[in-house]
Engineer: 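Here you go, one structure.
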Amino acid sequence: MAGSIDRREFLGLTGGACAALVLASCSTGGTTRVAVSGAEVQAAEGRRRRSNAIVRDVALTAGPATIDLGGMTADTWAYDGAVPGREVRVRAGDVLRAVVTNRLSDPTTVHWHGLALRNDMDGVPGLTQKAIPAGGSFTYEFAVPDPGTFWFHPHFGLQLDTGLYTPLIVEDPAEPGRYDREMVLVLDDWMSGLGTTPEETLGALRDGGMPMGGGGMGMGGSGMQMATSPLLGGDAGDVNYPVFLLNGRRAENAPVLDARRGERIRFRILNAASDTAFRVALGGHRLTVTHTDGFPIEPVTVDAVLVGMSERYDVTVTVAGDGAFPLVALAEGKGAQAMAVLRSGSGAAPPVNAHPSELDGRLLQLSELRADKAVSLAPKEPDRVHQVALGAAKQGYRWLINGRAVEKEADVLKTAKVLEVREGQRVRLEFDNQTTMFHPMHLHGHTFQVVSPDGVVGPRKDSMIVRPNERISVDFDADNPGQWLIHCHNLYHQSAGMHSVLSYVR
Ligand code: C2O
Ligand code: CU
């Protein structure tokens, strides 16, 4: 079998019994790590996969592309020449089979963000698979268990900040369909092909901050404009971007969303940015929030939502009349915005700097959200509690989890303080942000539930903003064996160390 050859090669290279890429279960200090394609992983996949499941075939090519951002073009990387990549739709219970061809000059992988999928399809190079080499291809195949708004992107270096991202909508066969139309809104911060590259930006951050055209600035940088926001509790970002996009377009050339008065629209909002949280509101409308990271909540109606990197919020609105309404995504703390125009009638388009009063109205709070009963975890005391302390190194641009920076993702098992769990446990993670900046923390392969003071009743999520000095606990059932990353979804923090791994052992 190819697997055993890979394994010998790999063990030969590292000379150890417990390589980073866990191709065979390996022992460490009395426990044995579950292998990424091991019997436990296959059994979990077997439970998800129905014998009559429909297989959805998708072909994806990651490659160079010239993209029109709306009156400005950028030579960059994209999936099949589009930013965002063309939406992929499947149904819960289907099997997704994606042949990924790599036409980039670097290796790549695809990570299926938010899905509880089989571990060896999770797309983390060096941990769950070998990266797909330039010119190579790889077939991902896995059962898709849960409906919701998800997305996929590479898990390799800074590729996410070049335009490689695509919404993945998993339809619910039992969808109550309380809306007439749905629209996906993908938000992004953009520099690729406009001057400074993501690599130069990370280099500048590492060098302690350096003013560059549309480029980076370091933490505590020397008097450059620092993005700050009270809503984020302090620093709002490390990187100055020249452009912000909604569905691949700048505000100057905002996408027009056609609708009719009285129509109910479900917006699926996804923040694909690398360093920017967005505050989203629609002029003349309130937003009824129905889902967080794909999972239903008890609906809450607000004026605005703050969306951290990699988070998704589904909101429903009823089009209030005939007109042209500004749908604004404010780059929080950065003094710029992206927007769309929701058009249900004639009238002048709103100006590029439109600032509907809803942006400063009632903002959704994580603490007010409750998972829908159908997806709420049963009450249970945790079997295992892990602290997840978020830190910054005193010197240099290095971000830490539990005191460690993992600068090479493939070395995560060797470098991180590994968080061990056993299948079947109820696990609690206690996040504790000891830095001056917010971190959108993401766990692979699981959708946790935020623990509120009155019990485990908060929303289900896979990514969550943790503000400076904030502590938030989340619970989940360890029911998807394997080796799973946990990291900050600020791409620059992630690249500068902010990873750990949730490791199933037996
Ligand atoms: Cu979008 Cu490791 O994640
Ligand atoms: Cu972070």
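Whatever order the structure lists ligands and atoms in, that order sets their numbers, starting from 1. None of the values given here were measured: they were computed from a predicted structure.
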Engineer: Once you measure the plane-to-plane angle for Trp151 and His489, does it fall in the parallel (<30°), tilted (30-60°) or perpendicular (>60°) bin?
Structural biologist: tilted
Engineer: Closest to atom 1 (Cu) of ligand 1, which N/O/S atom of His113 is it?
Structural biologist: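 Going by distance to atom 1 (Cu) of ligand 1, the closest N, O or S atom in His113 is ND1.
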Engineer: Measuring from the Cu ion (ligand 2), name the closest N, O or S atom belonging to His439.
Structural biologist: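 His439's closest N, O or S atom to the Cu ion (ligand 2) is named ND1.
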Engineer: From the N, O or S atoms in His493, identify the one nearest to the Cu ion (ligand 2).
Structural biologist: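 Of all N, O or S atoms in His493, the Cu ion (ligand 2) lies closest to ND1.
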Engineer: Would His444 count as a contact for atom 1 (Cu) of ligand 1, in the sense that one of its N, O or S atoms lies under 2.8 Å from it?
Structural biologist: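 No - counting backbone and side chain alike, His444 has no N, O or S atom under 2.8 Å.
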Engineer: If the threshold is 4.0 Å, N to carboxylate O, is there a salt bridge linking Glu332 and Arg467?
Structural biologist: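 Arg467 and Glu332: not salt-bridged.
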Engineer: Could you tell me whether the side chain of Thr109 and the main chain of Gly123 form a donor-acceptor pair under 3.5 Å?
Structural biologist: yes
Engineer: Has His487 got an N/O/S atom less than 2.8 Å from atom 2 (Cu) of ligand 1?
Structural biologist: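 For His487, the answer is yes, given that an N, O or S atom comes within less than 2.8 Å of atom 2 (Cu) of ligand 1.
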Engineer: Among the N/O/S atoms of His489, which is closest to atom 1 (Cu) of ligand 1? Give the atom name.
Structural biologist: NE2
Engineer: Anything under 30° is parallel, anything over 60° is perpendicular, the rest tilted; go ahead and classify His487 against His442.
Structural biologist: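 His487 vs His442 ring planes: perpendicular.
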Engineer: Locate the shortest heavy-atom distance separating Tyr504 from Gln483; write the atom from each residue and the value.
Structural biologist: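 Scanning both residues, the minimum pair turns out to be O-NE2, 3.3 Å.
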Engineer: When you measure from the Cu ion (ligand 2) to the N, O or S atoms of His489, does any of those distances fall below 2.8 Å?
Structural biologist: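 Within the cut-off used here (under 2.8 Å), His489 places no N, O or S atom near the Cu ion (ligand 2).
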Engineer: Can you give me the closest heavy-atom contact between Trp77 and Ser105, atom names plus distance?
Structural biologist: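 For Trp77 versus Ser105, the nearest heavy atoms are CZ2-OG, 3.4 Å.
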